[in-house]
Amino acid sequence: MSNVTMEATTILPVLKKKLAFLSGGKDRRSGLILTIPLCSDQTSMEELSATLDYLLSIPSEKCKARGFTVIVDGRKSQWNIVKTVVLMLQNVIPAEVSLVCVVKPDEFWDKKVTHFCFWKEKDRLGFEVILVSANKLTRYIEPCQLTDDFGGSLDYDHNDWLNKRLVFEKFTKESTSLLDELSIINDSDKSSSVDKDKSADCALLPSFDPETVLQTGPAWCPMEEELLAQPQVMKLLDSLREQYTRYQELCRQRNKRTQLDEIHTKVMQVVTWLQGPGSELLKTHQAIGDSIRAAQALQQKHEEIESQHSEWFAVYVELNQQIAALLSGGEEEEVTELKALQQQLSDVCYRQAAHLESRQNVLQAAQAFHSTTQELSQQLDGLLGMLCADVAPADGASIQQNLKLLEEKLQTVEAGLSSLRQKGGLVLEQMCSQPSWSLEPETESPTGEQQDNVQHIQAVMEEMQLRKQRCEDMVDVRRLKMLQMVQLFKCEEDALQAVEWLSELLDALLKTHIRLGDDSQETRTMLDKHRKFVDVAQSTYDYGRQLLQATVVLCQSLRCTTRSSGETLPRLNRVWKQFSVSAEERQQRLELALNFHTAAERVRQAECVEAESLDEVDSSGKTLLDRLTMPIIFPDGSEQYFGSPSDTAAAVEGVRERLLLVEERRLQLQEARLHNDDEEEKATTSPKEHKKQQKSQYV
């Protein structure tokens with residue numbers, strides 16, 4: 001048998017044929033049981049020999065010393081093959097074989113066995129050979145050590161066993177190779193430990209993952225240990241763990257150095273970008289725009305710059321966490337280096353973040369300023385449009401409403417300008433408070449773009465102030481014009497009201513001023529009231545004239561020629577003339593009535609009355625009666641009576657009654673004179689009939 005270690009992979013197809021196998025069973029001497037199951041097909045002795053060589057290389061020397069019990073299962077084979085196999089065992093494993101049990105078929109080989117007795121050849125073969133049927137095999141081997149092929153209870157799965165062998169051999173091969181590689185790596189680190197920079201570069205990686213190899217190490221029971229484990233396996237595992245521990249420490253040191261180098265590289269990358277391209281991006285974008293749209297575009301560009309910075313800030317956060325983790329377990333030299341890197345990184349990042357925030361504040365203030373500027377410009381345009389439009393309201397209320405709207409728009413503009421000044425001041429303040437790029441802020445002068453921004457803000461505020469001032473001047477002119485129009489409408493309305501009042505006075509004069517009084521005292525009182533009534537009408541007429549004169553002046557000032565007030569003056573004059581004629585007629589009638597009542601009362605009260613006095617009363621009464629029946633003739637030729645016909649009839653009746661009284665007085669005087677001379681006439685003509693005749697005469 002060759003002493004060269006065989007691998008299952010080299011004869012895997014042969015092993016899968018199960019020409020022989022070690023089931024793990026043992027004989028009564030604790031020797032391993034080797035089973036050779038012969039089949040009806042022709043068995044290749046070369047393949048069987050290779051299989052036996054491989055199987056016999058598995059057990060340890062201690063196990064081999066206890067010898068093997070070989071079971072040759074010839075129940076499905078021919079006798080000459082069985083004999084060949086038994087004789088081959090002499091050449092393959094003569095020293096290790098203790099007993100060969102040939103399982104024979106029932107009554108098949110009886111005659112042929114006599115021609116060859118294996119027990120007689122024991123000395124020549126070197127081991128004992130017995131022929132036994134399957135059911136008698138338990139005489140030599142315990143049932144629990146036999147597989148179910150021979151009526152035993154030992155479980156054996158050839159494919160499972162073969163897979164385990166493959167795994168085991170793979171583990172052994174990988175662990176041996178890994179151990180050699182780890183030894184080389186660990187030893188090479190000693191020689192390179194002097195140069196720290198070179199140690200990180202010469203790091204070697206083993207061909208296999210140590211953790212995987214150790215975790216896939218075989219776990220076996222005592223029975224399997226004798227079949228699967230070589231004596232050096234435990235020693236190999238111990239050496240592997242030792243070298244792996246050294247390798248882990250080496251990797252830890254190398255990883256720490258690598259981490260430090262990577263952190264340093266990344267820190268410098270962040271610092272270089274922030275102080276270089278990042279700062280240049282911010283320095284070259286200082287404009288604030290000249291409109292809300294331009295400011296929004298600049299805001300969008302700034303957000304893109306912020307997005308680029310965010311990526312580097314994320315790296316900064318990650319680096320800060322890594323540095324903090326390394327600081328907790330680092331050596332003094334490493335801690336000093338890490339703290340210096342951390343401080344440098346933090347200073348640059350915070351300074352850049354301050355510039356970003358300041359730029360964002362400036363842009364937000366600029367957007368608010370441009371938005372207010374746009375809104376104020378629209379308000380000024382609206383106010384200017386309102387001022388440029390012609391004013392043609394229908395009445396004073398419309399003018400008042402327009403004037404109120406104008407004042408509200410002006411107040412809105414003033415509030416907008418105040419807000420613009422406030423937001424412009426905020427933009428200037430934000431631009432002046434931006435952090436400096438240099439280490440000596442007092443020596444840093446504003447850039448040309450910043451000066452342009454300041455000048456633009458100031459120019460916009462001055463322009464809006466001028467536009468607002470021009471609108472204010474126009475508002476003052478428009479306000480004066482609208483107030484004059486309000487006054488014009490007011491004068492026209494009041495003039496129309498004066499006409500209405502005068503018309504009402506005329507109507508009252510014609511319809512209600514009918515009575516002439518029952519005596520001189522009442523008539524005199526009515527005459528005084530009439531004069532006062534006329535004075536009121538005169539005041540109303542004068543007031544209307546003054547209002548219409550004022551409308552003429554206002555129209556000339558406002559340059560409006562066609563006004564409704566042109567029709568009011570003729571109406572006022574027409575009503576006034578009608579009132580004057582009516583008032584004059586009324587006064588004349590009252591004066592006639594006063595003369596009539598005065599003369600009548602004097603006649604009635606006097607004891608001795610002259611005929612001339614009585615004639616005077618009759619004459620004034622008749623004149624008054626004639627006047628009462630006459631109409632008022634207006635300048636336009638129209639006629640109008642005082643009151644209704646019934647009112648005129650009542651007034652006439654009152655005058656007639658007083659004439660009758662005067663006539664009675666006349667009769668009394670005549671009777672007194674003719675009392676003595678005319679008794680006969682008195683007897684024939686009664687005073688009553690005479691009075692009736694006199695009355696009918698007047699009628």
Side-chain angles (χ1 to χ4, degrees), residues 1-24 32-35 44 46-65 68 92-93 96 156-190 202-252 254:
M1 182 183 65
S2 175
N3 292 327
V4 179
T5 303
M6 299 179 64
E7 293 183 1
T9 54
T10 59
I11 59 169
L12 185 59
V14 177
L15 292 176
K16 288 183 177 180
K17 292 181 179 182
K18 197 180 178 182
L19 299 177
F21 62 88
L22 290 170
S23 65
L32 292 177
I33 298 175
L34 175 63
T35 305
S44 172
E46 184 180 354
E47 291 180 352
L48 178 59
S49 176
T51 301
L52 293 176
D53 286 343
Y54 174 75
L55 293 177
L56 293 176
S57 67
I58 294 175
S60 62
E61 295 299 328
K62 181 180 178 181
C63 185
K64 290 179 181 180
F68 291 91
V92 177
I93 49 172
E96 287 85 359
Y156 175 74
D157 185 340
H158 185 70
N159 291 331
D160 180 63
W161 175 87
L162 186 56
N163 290 333
K164 287 182 179 179
R165 282 301 302 177
L166 292 173
V167 171
F168 172 77
E169 290 179 0
K170 180 176 181 293
F171 162 74
T172 304
K173 182 179 180 180
E174 291 179 354
S175 59
T176 303
S177 176
L178 178 61
L179 181 61
D180 295 338
E181 291 178 3
L182 291 178
S183 299
I184 295 173
I185 293 173
N186 292 335
D187 293 340
S188 65
D189 185 67
K190 293 180 180 179
C202 66
L204 299 176
L205 294 176
S207 302
F208 306 102
D209 180 23
E211 289 287 347
T212 304
V213 174
L214 289 174
Q215 290 175 1
T216 57
W220 52 79
C221 63
M223 181 69 71
E224 293 171 331
E225 180 180 359
E226 297 178 349
L227 298 177
L228 301 178
Q230 298 288 346
Q232 68 273 18
V233 170
M234 296 304 298
K235 183 179 179 180
L236 177 63
L237 287 174
D238 292 339
S239 300
L240 183 60
R241 291 190 182 95
E242 179 183 354
Q243 290 295 335
Y244 180 54
T245 301
R246 290 178 56 195
Y247 175 75
Q248 285 180 317
E249 178 62 23
L250 172 63
C251 291
R252 190 184 67 81
R254 288 178 176 175

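In what follows, every heavy atom counts, from backbone to side chain, and hydrogens, waters and symmetry copies are set aside.
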Side-chain ion pair, Glu242 and Arg246, N-O less than 4.0 Å: no
Check ion pair Arg165-Glu169 (N to O, under 4.0 angstrom): yes
Whether Trp161 and Tyr156 hold their rings parallel, tilted or perpendicular, with breakpoints at 30° and 60°: tilted
Straight-line distance of Asp157 CG to Phe21 CZ, nearest 0.5 Å: 11.0 Å
Pairwise side-chain contact, Leu12 with Leu162, heavy-atom cut-off 4.5 Å (strictly under): yes
Within-4.5 Å side-chain heavy-atom neighbours: Leu166 and Lys170: no
Lys16 side, atom NZ; Thr51 side, atom OG1 - distance, nearest 0.5 Å: 13.5 Å
Closest non-hydrogen atom pair between Leu34 and Ala20, with its separation: CD1-CB, 4.4 Å
Separation of Lys64 NZ from Ser57 OG (nearest 0.5 Å): 6.5 Å
Minimum heavy-atom distance Pro59-Leu22, with the two atoms named: CG-CD1, 4.3 Å
Test item: His158 side-chain N/O and Leu15 main-chain N/O as donor-acceptor pair under 3.5 Å: yes
Contacts of Glu47 that satisfy side-chain hydrogen bond (donor to acceptor under 3.5 Å, both in side chains) - sequence neighbours left out: Lys17
Ser177 side-chain N/O to Glu174 backbone N/O, donor-acceptor pair under 3.5 Å: no
Shortest non-hydrogen separation from Leu32 to Cys63 and the atoms involved: CD1-SG, 3.2 Å
Non-hydrogen side-chain atoms of Ile33 and Phe68 separated by less than 4.5 Å: no
